[in-house]
2 protein chains.
Amino acid sequence: MTGTGSTEAKARRSDATRAAILTAARERFAADGYERATIRAIAADANIDPSMVMRYYGNKEKLFAAAAEFDLRLPDLTEVPRGEVGTRLTGHLVDRWEDDDTLMALLRAAVTNQAAAERMRELFAAQLGPAVAALVTDPAEVPVRAGLVATQALGFALTRYVLRLPPVVALDRAEAVAWLGPTMQRYLAGER
Amino acid sequence: MTGTGSTEAKARRSDATRAAILTAARERFAADGYERATIRAIAADANIDPSMVMRYYGNKEKLFAAAAEFDLRLPDLTEVPRGEVGTRLTGHLVDRWEDDDTLMALLRAAVTNQAAAERMRELFAAQLGPAVAALVTDPAEVPVRAGLVATQALGFALTRYVLRLPPVVALDRAEAVAWLGPTMQRYLAGER
DNA sequence: ACTGTAGGCCAACGCCTGTTGACATGTCGA
DNA sequence: TCGACATGTCAACAGGCGTTGGCCTACAGT
(Lines give C-alpha, C1' and ligand atoms only; values in the text may rest on other atoms or scores of the structure.)
Protein backbone atom coordinates (compact mmCIF):
# COMPACT_ATOMS: atom_id res chain seq x y z
CA MET A 1 0.00 0.00 0.00
CA THR A 2 1.05 3.55 -0.62
CA GLY A 3 0.63 6.98 0.83
CA THR A 4 -1.61 8.23 3.56
CA GLY A 5 -3.63 5.07 3.76
CA SER A 6 -7.13 5.85 2.61
CA THR A 7 -9.61 3.02 2.29
CA GLU A 8 -10.12 3.12 -1.46
CA ALA A 9 -8.14 3.73 -4.65
CA LYS A 10 -4.57 4.96 -4.58
CA ALA A 11 -4.01 8.44 -3.30
CA ARG A 12 -1.57 10.25 -5.54
CA ARG A 13 0.81 12.82 -4.22
CA SER A 14 -0.54 15.21 -6.84
CA ASP A 15 -4.18 15.07 -5.78
CA ALA A 16 -3.97 18.41 -4.01
CA THR A 17 -2.63 20.06 -7.15
CA ARG A 18 -5.28 18.46 -9.31
CA ALA A 19 -7.97 19.74 -6.98
CA ALA A 20 -6.47 23.22 -6.89
CA ILE A 21 -6.47 23.33 -10.67
CA LEU A 22 -10.08 22.24 -10.82
CA THR A 23 -11.18 24.85 -8.31
CA ALA A 24 -9.30 27.62 -10.07
CA ALA A 25 -10.68 26.46 -13.41
CA ARG A 26 -14.25 26.58 -12.16
CA GLU A 27 -13.78 30.08 -10.82
CA ARG A 28 -12.19 31.37 -13.99
CA PHE A 29 -14.70 29.73 -16.30
CA ALA A 30 -17.51 31.05 -14.13
CA ALA A 31 -16.14 34.58 -14.07
CA ASP A 32 -14.81 34.90 -17.62
CA GLY A 33 -16.42 32.31 -19.89
CA TYR A 34 -14.63 29.72 -21.96
CA GLU A 35 -12.31 31.73 -24.19
CA ARG A 36 -11.33 34.47 -21.74
CA ALA A 37 -10.49 31.94 -19.05
CA THR A 38 -6.91 31.15 -20.01
CA ILE A 39 -4.87 28.14 -18.96
CA ARG A 40 -2.19 30.54 -17.83
CA ALA A 41 -4.56 32.45 -15.57
CA ILE A 42 -5.97 29.25 -14.12
CA ALA A 43 -2.47 27.94 -13.45
CA ALA A 44 -1.49 31.21 -11.80
CA ASP A 45 -4.54 31.03 -9.51
CA ALA A 46 -3.55 27.49 -8.54
CA ASN A 47 0.08 28.54 -8.04
CA ILE A 48 1.50 26.07 -10.51
CA ASP A 49 2.92 26.04 -14.01
CA PRO A 50 0.59 26.05 -17.04
CA SER A 51 2.21 22.86 -18.30
CA MET A 52 0.93 21.02 -15.24
CA VAL A 53 -2.61 21.72 -16.34
CA MET A 54 -1.84 20.05 -19.65
CA ARG A 55 -0.19 17.11 -17.97
CA TYR A 56 -3.12 16.41 -15.69
CA TYR A 57 -6.02 17.30 -17.94
CA GLY A 58 -4.68 16.91 -21.48
CA ASN A 59 -6.04 20.10 -22.99
CA LYS A 60 -8.35 23.00 -22.31
CA GLU A 61 -11.43 21.22 -23.59
CA LYS A 62 -10.93 18.27 -21.26
CA LEU A 63 -10.15 20.58 -18.37
CA PHE A 64 -13.48 22.27 -18.89
CA ALA A 65 -15.24 18.93 -19.13
CA ALA A 66 -13.77 17.97 -15.77
CA ALA A 67 -14.58 21.34 -14.19
CA ALA A 68 -18.16 21.34 -15.46
CA GLU A 69 -19.16 18.07 -13.88
CA PHE A 70 -22.31 18.94 -11.99
CA ASP A 71 -25.17 17.42 -10.08
CA LEU A 72 -28.33 19.50 -9.57
CA ARG A 73 -29.22 17.27 -6.58
CA LEU A 74 -32.90 17.71 -7.27
CA PRO A 75 -35.16 16.69 -4.39
CA ASP A 76 -37.74 13.97 -4.91
CA LEU A 77 -40.71 16.09 -5.90
CA THR A 78 -43.19 13.24 -5.51
CA GLU A 79 -42.81 13.58 -1.76
CA VAL A 80 -43.74 17.27 -1.87
CA PRO A 81 -47.38 18.36 -1.63
CA ARG A 82 -48.71 18.73 -5.16
CA GLY A 83 -49.39 22.45 -4.80
CA GLU A 84 -45.92 23.28 -3.53
CA VAL A 85 -43.69 21.69 -6.13
CA GLY A 86 -43.17 25.01 -7.89
CA THR A 87 -41.91 26.93 -4.89
CA ARG A 88 -39.96 23.94 -3.65
CA LEU A 89 -38.12 23.49 -6.95
CA THR A 90 -37.50 27.22 -7.30
CA GLY A 91 -36.01 27.48 -3.84
CA HIS A 92 -33.79 24.51 -4.43
CA LEU A 93 -32.50 25.88 -7.72
CA VAL A 94 -31.73 29.29 -6.23
CA ASP A 95 -29.78 27.61 -3.44
CA ARG A 96 -27.94 25.34 -5.82
CA TRP A 97 -26.97 28.32 -7.89
CA GLU A 98 -25.66 30.32 -4.99
CA ASP A 99 -23.43 27.79 -3.29
CA ASP A 100 -21.63 26.30 -6.29
CA ASP A 101 -20.17 28.24 -9.17
CA THR A 102 -20.02 25.23 -11.44
CA LEU A 103 -23.42 26.16 -12.85
CA MET A 104 -22.19 29.65 -13.57
CA ALA A 105 -19.15 28.25 -15.35
CA LEU A 106 -21.41 26.02 -17.40
CA LEU A 107 -23.76 28.85 -18.30
CA ARG A 108 -21.11 31.39 -19.21
CA ALA A 109 -19.20 28.88 -21.28
CA ALA A 110 -22.28 27.42 -22.96
CA VAL A 111 -23.08 30.70 -24.64
CA THR A 112 -19.98 30.64 -26.83
CA ASN A 113 -18.78 27.04 -26.66
CA GLN A 114 -20.55 24.20 -28.40
CA ALA A 115 -19.33 21.45 -26.09
CA ALA A 116 -20.48 23.42 -23.06
CA ALA A 117 -23.89 23.97 -24.63
CA GLU A 118 -24.17 20.25 -25.24
CA ARG A 119 -23.27 19.70 -21.60
CA MET A 120 -26.06 22.03 -20.55
CA ARG A 121 -28.57 20.18 -22.73
CA GLU A 122 -27.48 16.86 -21.25
CA LEU A 123 -27.76 18.23 -17.74
CA PHE A 124 -31.36 19.22 -18.25
CA ALA A 125 -32.29 16.09 -20.14
CA ALA A 126 -30.67 13.74 -17.66
CA GLN A 127 -31.49 15.48 -14.40
CA LEU A 128 -34.44 17.81 -14.77
CA GLY A 129 -36.28 15.55 -17.21
CA PRO A 130 -36.71 12.61 -14.85
CA ALA A 131 -37.73 14.86 -11.97
CA VAL A 132 -40.48 16.36 -14.10
CA ALA A 133 -41.49 12.97 -15.47
CA ALA A 134 -42.30 11.83 -11.95
CA LEU A 135 -44.91 14.59 -11.69
CA VAL A 136 -46.57 14.62 -15.09
CA THR A 137 -49.08 11.97 -16.15
CA ASP A 138 -48.84 12.34 -19.93
CA PRO A 139 -45.28 11.35 -20.97
CA ALA A 140 -45.57 13.40 -24.14
CA GLU A 141 -45.78 16.56 -22.05
CA VAL A 142 -42.60 15.92 -20.09
CA PRO A 143 -40.00 17.47 -22.43
CA VAL A 144 -41.98 20.68 -23.00
CA ARG A 145 -42.64 21.21 -19.32
CA ALA A 146 -39.03 20.52 -18.40
CA GLY A 147 -37.98 22.90 -21.14
CA LEU A 148 -40.23 25.64 -19.83
CA VAL A 149 -38.82 25.19 -16.36
CA ALA A 150 -35.33 25.54 -17.83
CA THR A 151 -36.47 28.69 -19.57
CA GLN A 152 -37.44 30.40 -16.34
CA ALA A 153 -34.64 28.96 -14.21
CA LEU A 154 -31.88 29.93 -16.61
CA GLY A 155 -33.47 33.28 -17.34
CA PHE A 156 -33.45 34.13 -13.67
CA ALA A 157 -29.83 33.03 -13.31
CA LEU A 158 -28.81 34.93 -16.42
CA THR A 159 -30.37 38.22 -15.40
CA ARG A 160 -29.36 37.95 -11.76
CA TYR A 161 -25.83 36.54 -11.83
CA VAL A 162 -24.56 37.31 -15.30
CA LEU A 163 -26.26 40.45 -16.59
CA ARG A 164 -26.92 41.71 -13.08
CA LEU A 165 -30.11 43.61 -13.82
CA PRO A 166 -30.44 45.67 -10.63
CA PRO A 167 -34.06 44.85 -9.72
CA VAL A 168 -33.42 41.13 -10.16
CA VAL A 169 -30.23 41.30 -8.13
CA ALA A 170 -32.15 43.12 -5.40
CA LEU A 171 -34.62 40.28 -4.81
CA ASP A 172 -33.94 38.23 -1.74
CA ARG A 173 -34.48 34.49 -1.69
CA ALA A 174 -38.03 34.69 -0.36
CA GLU A 175 -39.14 37.28 -2.89
CA ALA A 176 -37.59 35.34 -5.75
CA VAL A 177 -39.39 32.18 -4.68
CA ALA A 178 -42.66 34.04 -4.24
CA TRP A 179 -42.49 35.49 -7.74
CA LEU A 180 -41.04 32.56 -9.65
CA GLY A 181 -42.66 29.74 -7.68
CA PRO A 182 -46.11 30.08 -9.26
CA THR A 183 -44.57 30.20 -12.72
CA MET A 184 -42.70 26.98 -12.08
CA GLN A 185 -45.84 25.48 -10.58
CA ARG A 186 -47.76 26.15 -13.77
CA TYR A 187 -45.00 24.76 -15.96
CA LEU A 188 -44.73 21.65 -13.80
CA ALA A 189 -48.35 20.93 -13.01
CA GLY A 190 -50.56 23.60 -14.52
CA GLU A 191 -53.35 23.23 -17.09
CA ARG A 192 -52.77 22.86 -20.84
CA MET B 1 -24.35 69.45 -52.88
CA THR B 2 -22.49 66.21 -53.26
CA GLY B 3 -23.16 62.67 -54.34
CA THR B 4 -26.44 60.96 -54.99
CA GLY B 5 -28.47 63.90 -53.80
CA SER B 6 -30.32 62.83 -50.69
CA THR B 7 -32.29 65.39 -48.74
CA GLU B 8 -30.30 65.41 -45.52
CA ALA B 9 -26.70 65.08 -44.37
CA LYS B 10 -23.88 64.33 -46.72
CA ALA B 11 -23.86 60.89 -48.33
CA ARG B 12 -20.35 59.50 -48.26
CA ARG B 13 -19.08 57.23 -50.95
CA SER B 14 -18.10 54.76 -48.24
CA ASP B 15 -21.57 54.36 -46.78
CA ALA B 16 -22.07 51.01 -48.49
CA THR B 17 -18.87 49.69 -46.95
CA ARG B 18 -19.76 51.01 -43.53
CA ALA B 19 -23.12 49.27 -43.75
CA ALA B 20 -21.58 46.02 -44.96
CA ILE B 21 -19.19 46.07 -42.01
CA LEU B 22 -22.03 46.67 -39.60
CA THR B 23 -24.11 43.83 -41.01
CA ALA B 24 -21.20 41.40 -40.95
CA ALA B 25 -20.32 42.51 -37.43
CA ARG B 26 -23.84 41.87 -36.17
CA GLU B 27 -23.86 38.41 -37.69
CA ARG B 28 -20.49 37.47 -36.28
CA PHE B 29 -21.17 38.86 -32.82
CA ALA B 30 -24.52 37.08 -32.83
CA ALA B 31 -23.05 33.76 -33.90
CA ASP B 32 -19.77 33.77 -31.99
CA GLY B 33 -19.95 36.22 -29.10
CA TYR B 34 -17.61 39.11 -28.46
CA GLU B 35 -14.16 37.53 -28.27
CA ARG B 36 -14.57 34.84 -30.92
CA ALA B 37 -15.92 37.35 -33.43
CA THR B 38 -12.66 38.65 -34.88
CA ILE B 39 -12.15 41.83 -36.82
CA ARG B 40 -10.50 39.77 -39.52
CA ALA B 41 -13.50 37.48 -39.90
CA ILE B 42 -15.89 40.41 -39.98
CA ALA B 43 -13.79 42.16 -42.60
CA ALA B 44 -13.65 38.99 -44.69
CA ASP B 45 -17.44 38.68 -44.56
CA ALA B 46 -17.73 42.26 -45.72
CA ASN B 47 -15.11 41.71 -48.44
CA ILE B 48 -12.78 44.43 -47.26
CA ASP B 49 -9.51 44.81 -45.42
CA PRO B 50 -9.42 44.60 -41.61
CA SER B 51 -7.81 48.02 -41.45
CA MET B 52 -10.95 49.56 -42.92
CA VAL B 53 -12.88 48.41 -39.91
CA MET B 54 -10.44 50.29 -37.74
CA ARG B 55 -10.60 53.38 -39.89
CA TYR B 56 -14.37 53.58 -39.81
CA TYR B 57 -15.08 52.39 -36.30
CA GLY B 58 -11.90 53.11 -34.36
CA ASN B 59 -11.58 49.82 -32.52
CA LYS B 60 -13.41 46.61 -31.76
CA GLU B 61 -15.22 48.03 -28.75
CA LYS B 62 -16.67 50.92 -30.74
CA LEU B 63 -17.58 48.61 -33.59
CA PHE B 64 -19.60 46.53 -31.18
CA ALA B 65 -21.24 49.59 -29.74
CA ALA B 66 -22.34 50.61 -33.22
CA ALA B 67 -23.50 47.10 -34.12
CA ALA B 68 -25.46 46.67 -30.89
CA GLU B 69 -27.68 49.71 -31.35
CA PHE B 70 -31.16 48.32 -30.91
CA ASP B 71 -34.77 49.36 -30.54
CA LEU B 72 -37.24 46.86 -29.07
CA ARG B 73 -40.09 48.80 -30.75
CA LEU B 74 -42.44 47.90 -27.94
CA PRO B 75 -46.11 48.47 -28.73
CA ASP B 76 -48.15 50.84 -26.60
CA LEU B 77 -49.52 48.38 -24.07
CA THR B 78 -52.05 50.86 -22.70
CA GLU B 79 -54.08 50.39 -25.88
CA VAL B 80 -54.21 46.64 -25.39
CA PRO B 81 -57.04 45.04 -23.36
CA ARG B 82 -55.83 44.67 -19.80
CA GLY B 83 -56.07 40.89 -19.84
CA GLU B 84 -54.07 40.45 -23.02
CA VAL B 85 -50.94 42.47 -22.30
CA GLY B 86 -49.01 39.30 -21.40
CA THR B 87 -49.64 37.45 -24.63
CA ARG B 88 -49.30 40.62 -26.67
CA LEU B 89 -45.90 41.45 -25.22
CA THR B 90 -44.70 37.86 -25.51
CA GLY B 91 -45.67 37.63 -29.16
CA HIS B 92 -43.97 40.91 -29.93
CA LEU B 93 -40.76 39.88 -28.23
CA VAL B 94 -40.64 36.53 -30.04
CA ASP B 95 -41.09 38.33 -33.36
CA ARG B 96 -38.50 40.93 -32.54
CA TRP B 97 -36.05 38.21 -31.66
CA GLU B 98 -36.59 36.27 -34.84
CA ASP B 99 -36.27 39.00 -37.44
CA ASP B 100 -33.24 40.87 -36.14
CA ASP B 101 -30.05 39.27 -34.90
CA THR B 102 -28.92 42.38 -33.07
CA LEU B 103 -30.54 41.07 -29.90
CA MET B 104 -28.69 37.81 -30.28
CA ALA B 105 -25.41 39.68 -30.72
CA LEU B 106 -26.17 41.68 -27.61
CA LEU B 107 -27.05 38.60 -25.56
CA ARG B 108 -24.10 36.47 -26.65
CA ALA B 109 -21.67 39.32 -26.08
CA ALA B 110 -23.20 40.43 -22.78
CA VAL B 111 -22.34 37.14 -21.13
CA THR B 112 -18.59 37.71 -21.36
CA ASN B 113 -18.24 41.42 -22.07
CA GLN B 114 -18.89 44.10 -19.46
CA ALA B 115 -19.76 46.88 -21.89
CA ALA B 116 -22.27 44.64 -23.64
CA ALA B 117 -23.84 43.70 -20.31
CA GLU B 118 -24.17 47.37 -19.48
CA ARG B 119 -25.83 47.89 -22.86
CA MET B 120 -28.32 45.16 -22.06
CA ARG B 121 -29.14 46.75 -18.71
CA GLU B 122 -29.66 50.11 -20.37
CA LEU B 123 -31.89 48.55 -23.00
CA PHE B 124 -34.21 47.11 -20.39
CA ALA B 125 -34.17 50.18 -18.19
CA ALA B 126 -34.78 52.61 -21.02
CA GLN B 127 -37.23 50.64 -23.14
CA LEU B 128 -38.95 47.94 -21.12
CA GLY B 129 -39.14 50.02 -17.97
CA PRO B 130 -41.35 52.79 -19.40
CA ALA B 131 -43.63 50.28 -21.12
CA VAL B 132 -44.21 48.54 -17.82
CA ALA B 133 -44.59 51.81 -15.96
CA ALA B 134 -47.57 52.66 -18.15
CA LEU B 135 -49.37 49.58 -16.86
CA VAL B 136 -48.52 49.47 -13.18
CA THR B 137 -50.18 51.79 -10.66
CA ASP B 138 -47.58 51.64 -7.88
CA PRO B 139 -44.33 53.15 -9.24
CA ALA B 140 -42.30 51.24 -6.67
CA GLU B 141 -43.32 47.99 -8.33
CA VAL B 142 -42.17 48.96 -11.80
CA PRO B 143 -38.51 47.88 -11.66
CA VAL B 144 -39.26 44.47 -10.14
CA ARG B 145 -41.99 43.69 -12.63
CA ALA B 146 -39.86 44.80 -15.56
CA GLY B 147 -37.01 42.71 -14.18
CA LEU B 148 -39.21 39.65 -13.95
CA VAL B 149 -40.36 40.12 -17.51
CA ALA B 150 -36.70 40.30 -18.55
CA THR B 151 -36.07 37.12 -16.63
CA GLN B 152 -38.60 35.14 -18.64
CA ALA B 153 -37.96 36.85 -21.96
CA LEU B 154 -34.21 36.37 -21.86
CA GLY B 155 -34.53 32.87 -20.45
CA PHE B 156 -36.69 31.86 -23.38
CA ALA B 157 -34.27 33.42 -25.86
CA LEU B 158 -31.29 31.82 -24.16
CA THR B 159 -32.69 28.30 -24.13
CA ARG B 160 -34.21 28.52 -27.61
CA TYR B 161 -31.65 30.40 -29.67
CA VAL B 162 -28.40 29.98 -27.80
CA LEU B 163 -28.49 26.71 -25.87
CA ARG B 164 -31.02 25.22 -28.27
CA LEU B 165 -32.75 22.95 -25.79
CA PRO B 166 -34.72 20.70 -28.16
CA PRO B 167 -38.18 20.98 -26.57
CA VAL B 168 -37.91 24.77 -26.46
CA VAL B 169 -36.71 24.92 -30.05
CA ALA B 170 -39.64 22.73 -31.06
CA LEU B 171 -42.29 25.20 -29.84
CA ASP B 172 -43.96 27.17 -32.59
CA ARG B 173 -44.90 30.80 -32.11
CA ALA B 174 -48.45 30.07 -30.95
CA GLU B 175 -47.36 27.47 -28.40
CA ALA B 176 -44.66 29.72 -27.05
CA VAL B 177 -47.11 32.57 -26.60
CA ALA B 178 -49.67 30.27 -25.01
CA TRP B 179 -47.17 29.02 -22.44
CA LEU B 180 -45.25 32.21 -21.72
CA GLY B 181 -48.09 34.69 -22.10
CA PRO B 182 -49.72 33.97 -18.74
CA THR B 183 -46.36 34.21 -17.01
CA MET B 184 -45.77 37.62 -18.52
CA GLN B 185 -49.32 38.61 -17.67
CA ARG B 186 -48.74 37.84 -14.01
CA TYR B 187 -45.43 39.68 -13.95
CA LEU B 188 -46.98 42.70 -15.65
CA ALA B 189 -50.35 42.90 -13.98
CA GLY B 190 -50.76 40.02 -11.53
CA GLU B 191 -51.35 40.12 -7.77
CA ARG B 192 -48.67 40.75 -5.14
C1' DA C 1 21.47 4.17 0.90
C1' DC C 2 20.24 3.93 -3.90
C1' DT C 3 17.62 4.68 -7.62
C1' DG C 4 13.46 5.03 -10.57
C1' DT C 5 9.83 7.79 -11.18
C1' DA C 6 6.28 11.14 -10.31
C1' DG C 7 5.86 16.05 -9.63
C1' DG C 8 7.15 20.42 -11.01
C1' DC C 9 9.48 24.42 -13.66
C1' DC C 10 11.32 26.81 -17.73
C1' DA C 11 11.77 28.17 -22.37
C1' DA C 12 10.16 27.89 -26.60
C1' DC C 13 7.06 26.74 -30.73
C1' DG C 14 3.56 28.27 -34.05
C1' DC C 15 -0.55 30.58 -34.41
C1' DC C 16 -3.90 34.14 -34.04
C1' DT C 17 -5.26 38.56 -32.28
C1' DG C 18 -6.13 43.90 -32.42
C1' DT C 19 -3.96 47.57 -34.25
C1' DT C 20 -0.80 50.63 -37.05
C1' DG C 21 1.50 53.10 -40.81
C1' DA C 22 3.12 53.36 -45.45
C1' DC C 23 1.64 53.12 -49.85
C1' DA C 24 -1.51 52.75 -54.15
C1' DT C 25 -5.80 54.04 -56.42
C1' DG C 26 -9.73 56.44 -57.63
C1' DT C 27 -12.97 60.34 -57.58
C1' DC C 28 -14.55 64.97 -57.42
C1' DG C 29 -14.20 70.10 -57.04
C1' DA C 30 -11.74 73.98 -58.84
C1' DT D 1 -6.57 69.28 -66.31
C1' DC D 2 -4.81 69.10 -61.97
C1' DG D 3 -4.38 68.37 -57.28
C1' DA D 4 -6.51 67.20 -52.73
C1' DC D 5 -8.78 64.05 -50.26
C1' DA D 6 -11.43 59.92 -49.54
C1' DT D 7 -11.12 55.00 -50.24
C1' DG D 8 -8.79 50.90 -50.12
C1' DT D 9 -4.56 47.40 -49.94
C1' DC D 10 -0.47 45.37 -47.93
C1' DA D 11 2.80 44.11 -44.59
C1' DA D 12 4.17 44.24 -40.23
C1' DC D 13 4.16 45.05 -35.11
C1' DA D 14 3.74 43.44 -30.33
C1' DG D 15 1.41 40.63 -27.39
C1' DG D 16 -1.29 36.69 -25.87
C1' DC D 17 -2.84 32.09 -26.65
C1' DG D 18 -2.70 26.65 -26.27
C1' DT D 19 0.59 23.40 -26.28
C1' DT D 20 5.22 20.80 -26.20
C1' DG D 21 9.60 18.85 -24.67
C1' DG D 22 13.57 19.02 -21.96
C1' DC D 23 15.36 19.45 -17.64
C1' DC D 24 15.77 19.58 -12.59
C1' DT D 25 14.18 17.76 -7.79
C1' DA D 26 12.45 15.16 -4.17
C1' DC D 27 10.16 11.43 -2.54
C1' DA D 28 8.87 6.10 -2.36
C1' DG D 29 10.06 1.16 -2.83
C1' DT D 30 13.70 -1.89 -2.42
Side-chain angles (χ1 to χ4, degrees), chain A residues 1-6 9-25 28-29 31-68 108-109 112-116, chain B residues 1-6 9-25 28-29 31-68 108-109 112-116:
Chain A
M1 301 298 159
T2 77
T4 53
S6 121
K10 53 197 169 195
R12 281 162 303 192
R13 216 164 13 111
S14 60
D15 284 350
T17 302
R18 299 176 115 94
I21 293 173
L22 224 48
T23 301
R28 283 284 176 177
F29 282 129
D32 298 338
Y34 188 82
E35 22 274 329
R36 290 189 41 205
T38 68
I39 300 265
R40 286 164 143 99
I42 292 167
D45 287 357
N47 284 310
I48 46 108
D49 191 88
S51 63
M52 297 303 292
V53 178
M54 308 305 292
R55 175 161 350 203
Y56 291 140
Y57 292 95
N59 58 32
K60 190 178 181 179
E61 223 173 294
K62 290 184 196 163
L63 171 64
F64 177 80
R108 269 227 166 81
T112 48
N113 183 272
Q114 277 305 317
Chain B
M1 301 299 158
T2 76
T4 55
S6 121
K10 53 197 169 198
R12 281 161 304 191
R13 216 164 15 109
S14 60
D15 283 351
T17 301
R18 298 177 115 93
I21 293 173
L22 224 48
T23 302
R28 283 285 175 178
F29 283 129
D32 298 339
Y34 188 82
E35 23 273 330
R36 290 189 39 204
T38 69
I39 301 263
R40 287 166 145 96
I42 291 167
D45 287 358
N47 284 311
I48 47 107
D49 192 88
S51 63
M52 297 302 291
V53 177
M54 307 305 292
R55 189 187 309 243
Y56 290 139
Y57 293 95
N59 59 32
K60 190 178 180 179
E61 221 174 296
K62 290 184 197 163
L63 171 63
F64 177 80
R108 268 229 167 79
T112 49
N113 183 273
Q114 277 306 315

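Both backbone and side-chain heavy atoms feed into the values below; hydrogens, waters and symmetry mates do not. Every chain is numbered from 1 and lettered A, B, ... according to where its sequence line falls, protein lines coming before strand lines.
- Rounded to whole Å, atom C1' of dG21(C) lies 13 Å from atom CE of Met54(B).
- The backbone N or O of Thr17(B) lies less than 3.5 Å from no partner atom in the side chain of Ser14(B), so there is not a single donor-acceptor pair.
- The phosphate of dG7(C) has OP1 or OP2 within less than 4.0 Å of a side-chain N or O from Ser14(A).
- Dashed line: the shortest gap from a side-chain N or O of Tyr56(A) to OP1 or OP2 of dG8(C) is under 4.0 Å.
- Rounded to an integer number of Å, the gap from Ile48(A) CD1 to dA6(C) P is 19 Å.
- Nearest to the side chain of Arg12(B), among dT7(D), dC17(D), dG18(C), sits dT7(D).
- We find that CZ of Arg55(B) is positioned 11 Å from C1' of dA22(C), with the value rounded to whole Å.
- Between the side chain of Arg40(A) and the base of dG18(D) there is at least one donor-acceptor pair of N/O atoms closer than 3.5 Å.
- Atom CZ in Arg36(A) sits about 17 Å away from atom P in dT17(C), given to the nearest Å.
- Interatomic distance, Leu63(A) CG to Leu22(A) CG, rounded to the nearest 0.5 Å: 7.0 Å.
- The distance between atom CG of Asp15(A) and atom P of dG7(C), rounded to the nearest whole Å, is 8 Å.
- Atom CD in Glu35(B) sits roughly 13 Å away from atom C1' in dC17(D) (whole-Å rounding).
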side-chain hydrogen bond (donor to acceptor under 3.5 Å, both in side chains) between Thr112(A) and Glu35(B), intermediate numbers included: CA-CA 9 Å; Thr112(A) 48; Glu35(B) 23 273 330; over 6 Å; no
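- Within the structure, every side-chain polar atom (N or O) of Ser51(A) is placed at least 4.0 Å from both OP1 and OP2 of dC9(C).
- Taking CZ from Arg13(B) and CG from Asp15(B), the interatomic distance works out to 11.0 Å, rounded to the nearest 0.5 Å.
- With rounding to whole Å, Met52(B) atom CE is found 15 Å from dT20(C) atom P.
- Across the protein-nucleic acid pair, Ile21(B) atom CD1 and dT7(D) atom P stand 11 Å apart, rounded to whole Å.
- If you find the closest nucleotide of DNA chain D to Glu61(A) and to Arg13(A), the one lying nearer the 5' end belongs to Glu61(A).
- Of the listed nucleotides (dC9(C), dT17(C), dG8(C)), dT17(C) has the atom at the smallest distance from the side chain of Thr38(B).
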Would Ile39(B) and Asn59(B) count as a side chain to side chain contact (heavy atoms under 4.5 Å, CB included) if you check the C-alpha gap in whole Å, the side-chain angles of each, and the deciding distance to 0.1 Å? CA-CA 9 Å; Ile39(B) 301 263; Asn59(B) 59 32; over 6 Å; no
